[in-house]
Amino acid sequence: MWGYVLRRVSYMLLTIWALSFVVFVIIQLPPGDYLSTYISSQQAQGNTFDDAAIAALRRQYGLDGTFFDQYWKWITNFLQGDMGRSFEWNQPVTVLLAERLPLTMILSISTLIFVYIVAIPIGIYSALNQYSLGDYVFSTIGFIGLAIPNFMLALILMYVLFKYFGLSAGGLFSDQYATAPWSLGKVLDLFQHLWVPVIVIGMAGTAGLIRVMRGSLLDELGKQYVVTARAKGVRERRLIFKYPVRIAINPIVSTIGWQLPRIVSGETIVAIVLSLPTTGPLLYRALLSQDMYLAGSIVLTLGVLTLVGTFISDILLVMVDPRISFEKKA
Amino acid sequence: MNSDAVLLEIKDLRTYFHLDEGVLKAVDGVSFNIYPNRVLGIVGESGCGKSITARSILRIVPAPGKVNGEILFHQNGSTVDLVTLSPHGPQIRGIRGREIAMIFQEPMSAFSPVHTIGNQIMEAVLVHERVDKAEARRRAIELLTHVGIPMPERRVDAYPHEMSGGMLQRAMIAMALALRPQVLIADEPTTALDVTIQAQILRLMKKLKSEIGMSIIFITHDLGVIANMADDVAVMYLGRVVEFGSVRQIFRNPQHPYTRALMKSIPKIGEERGAKLASIQGTVPVPLDPPRRCGFADRCPEFIAGRCDVDVPPLIETEPGHQVRCVLYEN
């Protein structure tokens, strides 16, 4: 096991290095850079720059070196915890992320918990009562939930809440708390706003997970080991949860690590529609304005988290399923 | 064999599945008695209803199966009709595993793959007896020792995939015998195993039977195993018992055309080499809304039009203890 972990970690480091390079290439790929965008917008306003001024700006932003110089500078600073400066915000990337990450994570983790708490019991219920009225009702809601794009759901919810309840569903805070320091009132205010994005973002995931849970539990319910337990005189409810549910839930538990990058990135489109102060819209704007250090840092962080998440999932898989072993068979 | 001592009386057992396509009569009027310390062999092709008969006794028939008739279980002077019990109720659960235990065909799939063997054997004890886990574990190790599993202290923590089929079948027998049941239902316990392992398992079952003094209902399609294990034999075809008798009667004097055909399909030592083994024409029909007639009529070499296809033949006693469901024996 430890040998496996060590091997996996070393592969991961190699992958992260390759990933950082690819990220940097992609971010540099669009023609021009932040400075050329900036200069053309200034020129549009009638400001002119001579070559010396442009060169000075270029040096100031660190855009004067070769591609490899720029990459080297970025990656060495990154390793020391300095993610560079955002051109557009004129602030260190770390400061920008520190503002948005906690809220993004609160939102994502709440959504994740919502999805699991709602979907797993419903999936179990639907499998145990296959083709019952309840099963049909949940299946129908599930298909609708899967079919509606979540930005659409966000718009509908906002409209309904505003029109019939006079509530504004956007943002995570009321106006008076938006820029206020943290306080109990602000926390309560956050929770009052949180449920709309949680439902909107969680809808499709919930519907999907209900299908997964229902399907895999139905597969397990007819297995011989269930009959064996029944023949021993184990109570029905107890044996259902001890055996088939336990096995059907394995893939769900072991893929929890894959949610890690999502927890950090948040939903971009829904966040824009509901004007949520999360990292999704930040990355979107950074990409549009070629704010390369900001965009690069976010993308690289997400990539690293994807790798870490996959790694966690693999380890979890061994822990929940004794049939899986990482030791090489002789 | 005195009839007062009968342990389990199955009378006119009918297990039907009401499907969209019609009524599937998996078991259609089966009767037999189980006596203490005797082995009843139930033999028949796949789909003849022998497994559903066994599951009906424990009331673990898969949905939407409905059990009718009577299953009278006599113990300590009182009698319960298992058919009247709720299949999820405490009464039948108290009988499952404790009084009537069951072992299954595929030992590999009969254990949960994510729980240890020990955990699953301990469960059999813990469900029925108020003992702590340490005691249950001690019992599990003792049981594993008893069924001849080497290094039981280590195997108790093994997962099913870490053990061979033969070892798992031993473990399953250990689990079934944990509470010394009065009846053991063995549903094709050796079918999935190699021949050498089969012989070991059969020997083990015989040994444990005489130690515990229990009855066995042994379900198989293998006549060799029946000859080896059973005291009495019920031959099933299409949800009905077509012939019943002692193992000697069935093998020396098979009477039903189906039983006779089965006997002919066994290869015998001393027969001409290269000779073709007899086989039964056709396949077992599906008992979906079966007409009232002899189920074997379509495949029977001695079919009599106007007699075999007008009603279900009655069970006729041809000699003491030997019954056959065939019009050929009607006087």
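Predicted model only: the values in this text are computed from it and were never measured. Protein chains get the first letters and strands the later ones, always in sequence-line order, with residue 1 at the start of each.
A:Met105 CE: 12 or fewer foreign heavy atoms inside a 6.0 Å radius. Within 6.0 Å of CE on B:Met151 lie more than 12 heavy atoms contributed by other residues, nucleotides or ligands. Within 6.0 Å of CD1 in A:Ile269 there are 12 or fewer heavy atoms belonging to other residues, nucleotides or ligands. Residue A:Arg235 places its CZ atom among 12 or fewer non-hydrogen atoms of other residues, nucleotides or ligands, all under 6.0 Å distant. For B:Gln91, the CD atom sits in a loose shell: 12 or fewer heavy atoms of surrounding residues, nucleotides or ligands are nearer than 6.0 Å.
Listed here is the closest heavy atom pair of A:Ala231 and B:Met102: CB-CB, 4.3 Å. In terms of heavy-atom proximity, A:Pro322 sits nearest to B:Pro113 at CG-O, 3.6 Å.
Contact annotation for B:Asn119: both backbone and side-chain heavy atoms come within less than 4.5 Å of a heavy atom of chain A. Residue B:Ala110 touches chain A through both its backbone and its side chain, counting heavy-atom pairs closer than 4.5 Å.
Using a 4.5 Å heavy-atom cutoff, the side chains of A:Asp321 and B:Val114 are in contact. Contact of the A:Arg323 side chain with the B:Tyr159 side chain is not registered, since no non-hydrogen atoms from C-beta on lie closer than 4.5 Å. At a threshold of 4.5 Å between non-hydrogen side-chain atoms, the residues B:Gln120 and A:Thr228 do not count as touching. Inter-residue side-chain proximity for A:Lys232 and B:Glu123 is flagged as met; some heavy-atom pair is nearer than 4.5 Å.
Going from atom OG of B:Ser112 over to atom CD of A:Glu220 covers 9.0 Å, rounded to the nearest 0.5 Å.
Chosen from B:Met175, B:Arg98, B:Glu106, B:Met172, the residue pairing most often with chain A at heavy-atom distances under 4.5 Å is B:Met175. Between chain B and the options A:Arg246, A:Lys242, A:Lys223, heavy-atom pairs under 4.5 Å are most frequent for A:Lys242.
Checked against the 6.0 Å centroid threshold, A:Tyr225 and B:His115 do not count as a close aromatic pair.
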Subject >> From CA spacing to verdict: side-chain contact (heavy atoms from CB on, under 4.5 Å), B:Arg55, A:Val227 >> reply: CA-CA 10 Å; B:Arg55 283 169 196 226; A:Val227 182; 3.7 Å; yes

